[in-house]
Amino acid sequence: MAFDFIRADVNEQKTKSRYRQLVCAQIESSVVNTVINDNMIVINDKSYLNFSSNDYLGLNNHPLINQALQEGADKFGTCASSSSLVTGYHYAHQSLEDEICQWLNKPKCLLFSSGFSANLAIFNALGKTAGSHFFLDKLSHASMIDGAYQSNATVKRFNHNNIDHLSNLLQRREQSPNKLIASEGVFSMDGCQANVNELAQLAKAKQAWLYLDDAHSIGIVGSEGQGSNSLANVDITMATFGKALATSGAFITCDENLHDYLVNFSRHYIYSTAISPAIAWATKASISLAQKEQWRREKISELSELFTRLLADNIELITTQSSIHAIIIGDEKKALAVSDLLKKQGIWLTAIRPPTVAVNSSRLRVTICANHNTKDIIYLAGCINKAIA
Ligand SMILES: Cc1ncc(COP(=O)(O)O)c(C=O)c1O
């Protein structure tokens with residue numbers, strides 16, 4: 001049979017308890033006689049408290065963002081109707097880029113249709129020749145790893161958050177003029193933060209550039225949610241709109257030269273339809289809320305602290321300052337079993353398994369969002385304590 005690896009590979013996923021399936025979230029009106037709040041999800045006609053969402057600030061469905069989306073659609077249309085360099089670059093895009101530049105205090109910003117493509121774009125652009133050297137944290141996102149290895153650069157991975165290891169690797173490439181240190185600002189599956197200040201200092205000392213993927217930091221870190229740039233000067237930042245900012249697409253901030261280079265040479269930018277101008281307009285509204293509404297970040301911190309306090313001592317929790325709290329279970333089967341037990345209690349908590357995380361580190365990735373409340377957290381911690389006991 002043609003392409004028989006397809007069936008074989010899927011079957012292997014099943015035997016390893018790594019099989020993945022799509023689940024469709026329904027709209028609330030499909031559940032009769034139940035009040036569905038923003039912190040809930042409806043699947044197969046049953047409602048669950050959702051602890052697997054990346055809507056960290058609770059902005060999804062915010063009336064001001066929805067209103068801006070409608071206004072953007074009315075003014076510019078739902079579709080850019082071409083790539084940016086043809087006719088797809090609208091006032092909505094320019095205005096969003098200007099706002100991001102001001103927010104992060106950076107000279108230039110460029111929009112992409114997804115964080116995944118933005119990461120591919122950066123690594124492919126900077127890795128034009130084998131004379132470029134990339135140094136990536138071992139826990140970097142799949143799109144950073146793919147981008148780095150698809151490029152012509154020489155790639156080294158440093159041990160997670162280990163500045164000494166990174167420094168040693170850089171030492172060996174002292175003479176290379178093109179060195180890029182790359183890390184996530186807040187790590188997607190562990191929730192811990194990179195040591196942004198140390199990375200920035202090391203980059204400066206070694207004449208390297210620092211690149212941070214702020215997918216999970218934007219909106220969350222900094223007094224106005226500016227992400228890692230509130231902690232140190234980051235040469236290039238990428239962040240997605242599809243998490244705390246509750247729209248979709250992504251941006252890169254950088255200097256004028258790199259901006260010009262990407263516009264001229266990045267295939268991911270040039271040969272892709274620009275993001276929806278209506279979404280760009282809505283994203284401006286969501287950034288404005290993320291900047292102003294500090295209470296959302298404070299609520300995440302308070303609820304996270306409560307959750308950490310309520311968990312039983314035998315539970316292996318990675319302690320973090322972010323919205324993401326990983327409970328390490330280890331074995332894939334056990335992680336699935338705990339996730340299923342929690343579903344029976346009305347809690348949706350997806351088990352994260354290899355290859356997303358390392359073998360024997362399957363986990364429950366709890367995300368605490370600004371639209372959760374104290375009662376939700378007490379209930380969650382109680383159910384987890386019972387399920388893992
Ligand atoms: C760290 C990180 N980088 C990049 C991405 C990709 O972003 P997007 O969902 O916009 O493609 C994600 C999200 O899935 C992520 O977690």
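We number each residue from 1, following the sequence as shown. All ligand and atom numbering here is 1-based and tracks the order in the structure. Hydrogens, waters and symmetry mates are skipped; everything else that's a heavy atom, side chains included, is used.
Neither side chain, Ser286 nor His62, offers a donor N or O lying under 3.5 Å from an acceptor on the other. Side-chain atoms of Ser228 and Asp214 form a donor-acceptor pair, as typed in the model, at a separation below 3.5 Å.
Those atoms of ligand 1 with a heavy atom of Lys243 less than 4.0 angstrom away are 12 (C), 13 (C), 14 (O), 15 (C), 16 (O). Within ligand 1, counting atoms from 1 as listed, the ones closer than 4.0 Å to a heavy atom of Ala215 are 1 (C), 2 (C), 3 (N), 15 (C). Interface atoms of ligand 1 facing Thr240, defined by a heavy-atom separation under 4.0 Å, are 7 (O), 8 (P), 10 (O). Atoms of ligand 1 lying under 4.0 Å from at least one heavy atom of Ser188, given by number and element, are 16 (O). Within ligand 1, counting atoms from 1 as listed, the ones closer than 4.0 Å to a heavy atom of Phe116 are 6 (C), 7 (O), 8 (P), 11 (O). Those atoms of ligand 1 with a heavy atom of Glu184 less than 4.0 angstrom away are 1 (C). Proximity to Ser143 (heavy-atom distance under 4.0 Å) selects the following atoms of ligand 1: 4 (C).
Residue-ligand proximity: His216 is placed with a non-hydrogen atom under 4.0 Å from ligand 1. For Gly242, the closest heavy-atom approach to ligand 1 does not fall below 4.0 Å.
Relative to the ring axis of Trp209, Lys179 does not place its NZ or CZ within 45° and under 6.0 Å from the centre.
For Thr367 (side chain) and Phe51 (main-chain N/O), a donor-acceptor pair under 3.5 Å exists by modelled atom type. Remark: side-chain polar atoms of Asn161 are paired, donor with acceptor, to backbone N or O of Gln193 under 3.5 angstrom. Between the Arg353 side chain and the Tyr19 main chain, a donor and an acceptor come within less than 3.5 Å of each other.
From the protein, the heavy atom lying nearest to atom 4 (C) of ligand 1 is Asp213 OD2, 3.5 Å. Looking from atom 10 (O) of ligand 1 to the surrounding protein, the closest heavy atom is Gly115 N, 2.7 Å. For atom 5 (C) of ligand 1, the nearest protein heavy atom (residue, atom name, distance) is His141 CE1, 3.5 Å.
Between Phe251 and the options Leu104, Leu96, Ile275, a side-chain contact (heavy atoms from CB on, under 4.5 Å) holds for only Leu104.
Taking OG of Ser117 as the start and NE2 of His268 as the end, the distance is 7.0 Å to the nearest 0.5 Å. Atoms CG and OG, on Leu111 and Ser272 in that order, are 11.5 Å from each other to the nearest 0.5 Å.
Residue contacts with ligand 1, taken as heavy atom pairs separated by less than 4.0 Å, do not involve Met144 at all. Residue contacts with ligand 1, taken as heavy atom pairs separated by less than 4.0 Å, do not involve Ala250 at all.
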